[in-house]
Amino acid sequence: MAKSSNFIKHIIQNDVNQGKNDSKVITRFPPEPNGYLHLGHAKSICLNFGMAEEFNGPCHLRFDDTNPTNDYKKYMDAIASDVKWLGFDWGKNQFHASDYFDKLHAFAIDLIKQGKAFVCDLNAEEMRAYRGTLTEPGKESPYRNRSVEENLDLFERMTKGEFEEGQKVLRAKIDMASPNVNLRDPVIYRIRKTSHPRTGDKWCVYPMYDYTHCVSDALELITHSLCTLEFEDHRPLYDWCLDQLAVPCHPQQIEFARLNLNYTVMSKRKLVQLVNENHVQGWDDPRMPTISGVRRRGFPPEAIRLFCDRIGIGKKETVIDYSILEDCVREVLNEKALRRLAVLDPLKITITNFPDDPQEVQVPNHPQQPDLGKRPVLLGKEIYIERDDFMEEAPKDFFRLKPGGQVRLRYGYVIQCEDVIKNDQGEVVELKCTYFPETFAGKTPEGMKKVKGIIHWVSAQDSVAAEVRVYDRLFSVENPLADKDKDFLSFLNPDSLKVQKAARVEKALSQADSEQVFQFERLGYFCADKVEFSSDKPVFNRTVTLRDTWTKLK
Ligand code: ATP
Ligand code: MG
């Protein structure tokens, strides 16, 4: 895939040309393991790993496990496996912010010794009041001028657990009058008497994110620290910390616009809520914008990489249309997905004049790619067609099957509807049809009118029952978070999942590999469910329709 260019690539290329960092490039992807990765993370992953790949350097996977919480454990494996699935490899370069707790602590003592950090006793509320606002400067803490000795002593006692949570914090001494509130003596260490999944009970003081992040980057010799725009205002603090400390290098932070997608939400907090309150069936629910969700939906990793490349990297926040992602999925699947026949909502047809023995029909696996060969499919006396390919009271422009009307069976014959059988409730349960033996495989004999409609089918004896889950967008509005007075949950699309329990699919499909994606002719792309598919009970998920059906609705 030809990679598109962007402003970050230009910056890095320039640095390499000028021999900065010995012309080496090292990037990192630094997720906090407090949820599953989503498509926004995919953008960051593709950028970080992509830049590293292009400039022949490594990209580190660093878990930002700064906070002591046991939740971290359960997400780390999922994150690593998602990054791998997307097609990226960090080799031995897997790290944790907690790997640096000793060094971070020693650097904090350095700051104190330089008179650039102090222990502060203001509580959270007071601290907020002292902080000032965007238009007013802050006020200096009354504890700001403690002596170095006193600060060293207090920080040591904080570290030993002599104080309670919230009683004291360590703050950088920068500038309470700075127009950038991040520089108004930010907290860099706080007391948390909770054990950490990796360091256990060793610590009861923990470093804050901003302080941890820049030091971790420097310790890993990261050259370009790529992050989203909300960190732009934090960059002066990133640089300030590194300027004061004896770190081995000073990475360059560069910000880019995050990915926003319509018809979904991407903040981890909202995704956690969808999962915990059972609005979806888990993190990997095929409707979720998580990597594991789109994977289970059948989106190939190439399509996500193509999408990230196509939307590009910029400095301006935009909302990307979901159909761009779906188009990338179609583009990739159209090339590689084998074609199969399946009927989601079957209506039985008996072809009354068809021979008792079924006929073997050779059907192409991919009409545009003859190399992919053909397979035998049986056409018999009893077949199923899609219920909505028949209409009893059909308008003039309905070219599929209607009473007395004709339609062509794809790869087969023209049939004519002779009789409509109904049950006691008046529902159509079967059609009796006849076929025209001389119309096989597209032929129209002389004297016969050309039939316009072509429909798909499966034969009763050469198909198996399957469950097909027809997924659609999770939300029915473009921005479920736009209206602050309304709960975003009220915009969940009630039709985001329809289950067809009695679908019929070609027999061969019961032998599909887990996660294999097919095009069901005329219906869309479908994948064998990663979790529940078995040859006894085939379960398929609709990945995407053949065409965009949403854009034109607008
Ligand atoms: P969320 O906002 O969903 O809670 P986060 O930013 O807290 O996500 P992190 O685990 O901290 O999630 O993110 C890891 C990396 O992924 C960060 O570098 C972050 O900038 C990047 N990232 C997160 N969301 C997006 C997004 N929507 N688009 C691009 N990059 C993102
Ligand atoms: Mg974050």
Side-chain angles (χ1 to χ4, degrees), residues 30 62-68 95-124 127 130-131 140-176 178 182-222 225 234-251 253:
R62 183 197 314 138
F63 292 112
D64 163 29
D65 58 350
T66 323
N67 294 312
F95 304 104
H96 303 80
S98 58
D99 298 339
Y100 312 123
F101 280 173
D102 284 312
K103 286 185 174 152
L104 285 157
H105 192 263
F107 279 134
I109 291 174
D110 260 15
L111 282 180
I112 297 175
K113 286 183 179 161
Q114 294 179 50
K116 287 171 181 162
F118 65 98
V119 173
C120 182
D121 299 4
L122 294 179
N123 63 30
M127 199 133 35
Y130 273 74
R131 203 162 182 234
E140 292 188 352
S141 160
Y143 306 98
R144 198 175 199 262
N145 295 316
R146 279 176 162 154
S147 68
V148 169
E149 289 67 33
E150 190 183 0
N151 282 320
L152 285 172
D153 174 61
L154 288 173
F155 188 52
E156 191 184 329
R157 288 167 57 198
M158 278 169 70
T159 306
K160 282 186 179 151
E162 286 184 27
F163 305 110
E164 293 313 309
E165 288 188 10
Q167 229 186 321
K168 288 189 170 22
V169 291
L170 183 70
R171 297 174 69 178
K173 196 192 274 190
I174 311 180
D175 179 8
M176 286 310 288
S178 170
N182 294 301
L183 293 180
R184 294 184 190 168
D185 295 2
V187 174
I188 57 173
Y189 258 95
R190 70 211 194 294
I191 300 169
R192 287 289 303 277
K193 297 198 165 168
T194 317
S195 66
H196 185 282
R198 297 191 75 251
T199 57
D201 293 323
K202 178 171 179 189
W203 299 99
C204 53
V205 288
Y206 289 93
M208 299 297 285
Y209 175 81
D210 278 331
Y211 172 67
T212 309
H213 192 75
C214 55
V215 173
S216 307
D217 277 351
L219 292 174
E220 289 178 19
L221 307 179
I222 300 301
S225 178
H234 297 241
R235 182 167 13 107
L237 177 56
Y238 184 103
D239 289 333
W240 183 90
C241 290
L242 296 184
D243 285 342
Q244 317 310 314
L245 300 169
V247 284
C249 72
H250 190 137
Q253 175 177 310

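Just so you know, these numbers come straight off a predicted model, no measurement behind them.
- Centroid-to-centroid, the aromatic rings of Y209 and H213 come within less than 6.0 Å.
- To the nearest 0.5 Å, the span separating OH on Y238 from NE2 on H250 amounts to 6.5 Å.
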When you look at D102 and K202, which way does the salt bridge (Lys or Arg N to Asp or Glu O under 4.0 Å) test go after all the steps?
CA-CA 10 Å; D102 284 312; K202 178 171 179 189; 2.9 Å; yes

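- Distance CG/N182 to NE2/H234: 4.0 Å, rounded to 0.5 Å.
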Please assess V119 against R146 for the test side chain to side chain contact (heavy atoms under 4.5 Å, CB included), listing each intermediate value before the final yes or no.
CA-CA 8 Å; V119 173; R146 279 176 162 154; 3.8 Å; yes

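- Here L237 contributes atom CG and I188 contributes atom CD1; the two are 9.0 Å apart, rounded to the nearest 0.5 Å.
- By the 4.0 Å N-to-carboxylate-O rule, K116 lies too far from D243 to be salt-bridged with it.
- Closest approach of M208 to V187, counting heavy atoms only: CG-O, 3.3 Å.
- At a threshold of 4.5 Å between non-hydrogen side-chain atoms, the residues L245 and Y211 count as touching.
- The distance from the OG1 atom of T66 to the OH atom of Y206 is 11.0 Å, given to the nearest 0.5 Å.
- The closest side-chain heavy-atom distance from F107 to V247 is below 4.5 Å.
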Going through the distances and angles, do W240 and I174 end up as a side chain to side chain contact (heavy atoms under 4.5 Å, CB included)?
CA-CA 9 Å; W240 183 90; I174 311 180; 3.5 Å; yes

Check against side chain to side chain contact (heavy atoms under 4.5 Å, CB included), M127 and V169:
CA-CA 11 Å; M127 199 133 35; V169 291; 3.9 Å; yes

Audit row: H105, Y189, side chain to side chain contact (heavy atoms under 4.5 Å, CB included) steps and yes/no
CA-CA 9 Å; H105 192 263; Y189 258 95; 3.8 Å; yes

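- Rounding to the nearest 0.5 angstrom, the gap separating the CZ atom in F118 from the CG atom in N145 is 8.5 Å.
- Checking F101, W203, F63 one by one against H196, the ring pair (Phe, Tyr, Trp, His ring centres under 6.0 Å) holds for a single residue, F101.
- Considering every non-hydrogen atom in both P30 and D64, the closest pair reads O-CB, 4.0 Å.
- S141 OG to D121 CG: the interatomic distance, rounded to the nearest 0.5 Å, is 7.5 Å.
- Closest approach of C214 to L242, counting heavy atoms only: O-CD2, 3.5 Å.
- Proximity of I112 to L170: side-chain heavy atoms (C-beta onward) are separated by under 4.5 Å at one or more points.
- With hydrogens and angles ignored, the 3.5 Å screen pairs no side-chain donor or acceptor of D239 with any backbone N or O of P236.
- At least one side-chain heavy atom of P248 sits less than 4.5 Å from a side-chain heavy atom of L219.
- You'll find the side chain of D217 stays beyond 4.5 Å of the side chain of Q253, heavy atoms only.
- Screening R171, K173, R144 for a side chain to side chain donor-acceptor pair (under 3.5 Å) with D185, the sole residue that qualifies is R144.
- Under the 4.5 Å side-chain criterion, counting only non-hydrogen atoms from C-beta, R184 is not in contact with Y130.
- Counting only heavy atoms from C-beta outward, the side chains of K193 and E164 approach each other to under 4.5 Å.
- Side-chain atoms of R62 and S216, non-hydrogen and from C-beta on, do get closer than 4.5 Å to each other.
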